[in-house]
Amino acid sequence: MEMTGTTEAGLIARILAGEKELFHELIRPYERMVYVTLFSIVRNETEAEDGAQEAIISAYRHLASFRGDAKFSTWLTTIAINEGRKRLRRTKGAVEDSIEEKEESHEGDYTPAPLTDWREIPLEALERKELREALRVAVTELPGIYRQVFTLRDLEELNIDETAQALGITTGAVKVRLHRARIMLQKRLVPYLKTTAPARRRFFGRAL
DNA sequence: AAGAGAACGGGCACGAGTGC
DNA sequence: GCACTCGTGCCCGTTCTCTT
């Protein structure tokens, strides 16, 4: 997922200079990240796929406005988050940030077909299929503010600062939300983790 | 290779805000 | 007034980087 700054900056410059076909090369390493970010907000696969497409198109259209102050991935994540919030407002007809609320409508819509991305979580230690499924469900059921931080930080592996920038919150808030998200997940997954202590330690650290 | 300092991340205590 | 949620500030441990 990492690209060197020079290569990335060079690609962007060439795209802006007219080599539009290079945009695919620029965006490819981040496609999965955009989708997972969208999914963490809308919690609906179809909406996440559509939103990811829209976010990528939006990134292309607004590429000239990328100043390079932050990493491209952070900028792209912000676009994905905004797209997700827009879709959430549209589908719910509710106020912004209603993602914190219990989302009855989406819970009804949600189909639990496995996300490919979940197999790539640092869960090689979590051998049991049922545990992986339980974790996926547990994360899906986290309150929105915690789910977003957990997704960006622990699944997308953004650092604290990038996560804070993407969500428009302080680094302190990121740390606390992440800590609390892990504790919530821990409580939900205790029955599944009893026999996988090493995995528990690796994934949840001292929270367990 | 070893030590020093910086950077980063985790976690706790505390206070503010909110709903009952 | 109390319980609960949330964010801020601070401290501590770990990892990384630089210097000798």
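No experiment lies behind these values; they were computed from the predicted model shown. Letters A, B, ... are given to chains in the order of the sequence lines, protein chains preceding strands, and every chain is numbered from 1.
Ranking C:dG7, B:dG9, C:dT8 by closeness to the A:Arg153 side chain, first place goes to B:dG9.
Note: CG (A:Leu178) to C1' (B:dC8) measures 13 Å, nearest angstrom. Between the CD1 atom of A:Ile145 and the C1' atom of B:dG17 there is a distance of 14 Å, rounded to whole Å. In this entry the distance linking NE2 of A:His179 with P of C:dC6 reads 14 Å, nearest Å. Atom P of nucleotide C:dC6 and atom CD1 of A:Ile183 are separated by 13 Å, given to the nearest angstrom. Rounded to a whole Å, the CD1 atom of A:Ile160 is 19 Å from the P atom of C:dG13. Regarding A:Arg147, its CZ atom lies at a distance of 13 Å from the P atom of C:dC6, rounded to whole Å.
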Which pairs, protein N/O on one side and nucleotides 10-12 of chain C N/O on the other, fall under 3.5 Å?
none

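We find the CD-CG distance between A:Gln148 and A:Leu178 to be 13.0 Å, quoted to the nearest 0.5 Å.
A donor-acceptor contact under 3.5 Å is formed by the side chain of A:Arg180 with the base of C:dG7.
Ion pairing between A:Glu31 and A:Arg28 fails under the 4.0 Å rule for side-chain N and carboxylate O.
Contact annotation for A:Arg177: backbone-only contact, meaning every heavy-atom pair under 4.0 Å involves sugar-phosphate atoms and none involves a base. A:Thr171 comes within 4.0 angstrom of nothing in the nucleic acid, heavy atoms only. Residue-level contact check: A:Ile169 touches neither bases nor backbone, having no heavy atom under 4.0 Å from any strand.
The two residues A:Val42 and A:Arg87 make their nearest non-hydrogen contact at CG1-CB, 4.1 Å.
Listed by chain and number, the residues in a salt bridge (Lys or Arg N to Asp or Glu O under 4.0 Å) with A:Glu19 are A:Arg14 (sequence neighbours excluded). For the ring-ring contact (aromatic ring centres under 6.0 Å, His included) test, residues two or more places apart in sequence or in another chain that qualify with A:Phe23 are A:Tyr60.
Contact annotation: A:Tyr146 reaches the phosphate of C:dC6 (side-chain N/O to OP1 or OP2, under 4.0 Å). Applying the 4.0 Å criterion to OP1 and OP2 of C:dT8, one finds that A:Thr170 has a side-chain N or O inside that range.
Partner of A:Ile81 under the side chain to side chain contact (heavy atoms under 4.5 Å, CB included) criterion, chosen from A:Val34, A:Leu76, A:Ile41, A:Leu38: A:Ile41. Paired with A:Tyr146 under the rule side chain to side chain contact (heavy atoms under 4.5 Å, CB included), one option of A:Arg182, A:His179, A:Arg180 passes, and it is A:Arg180.
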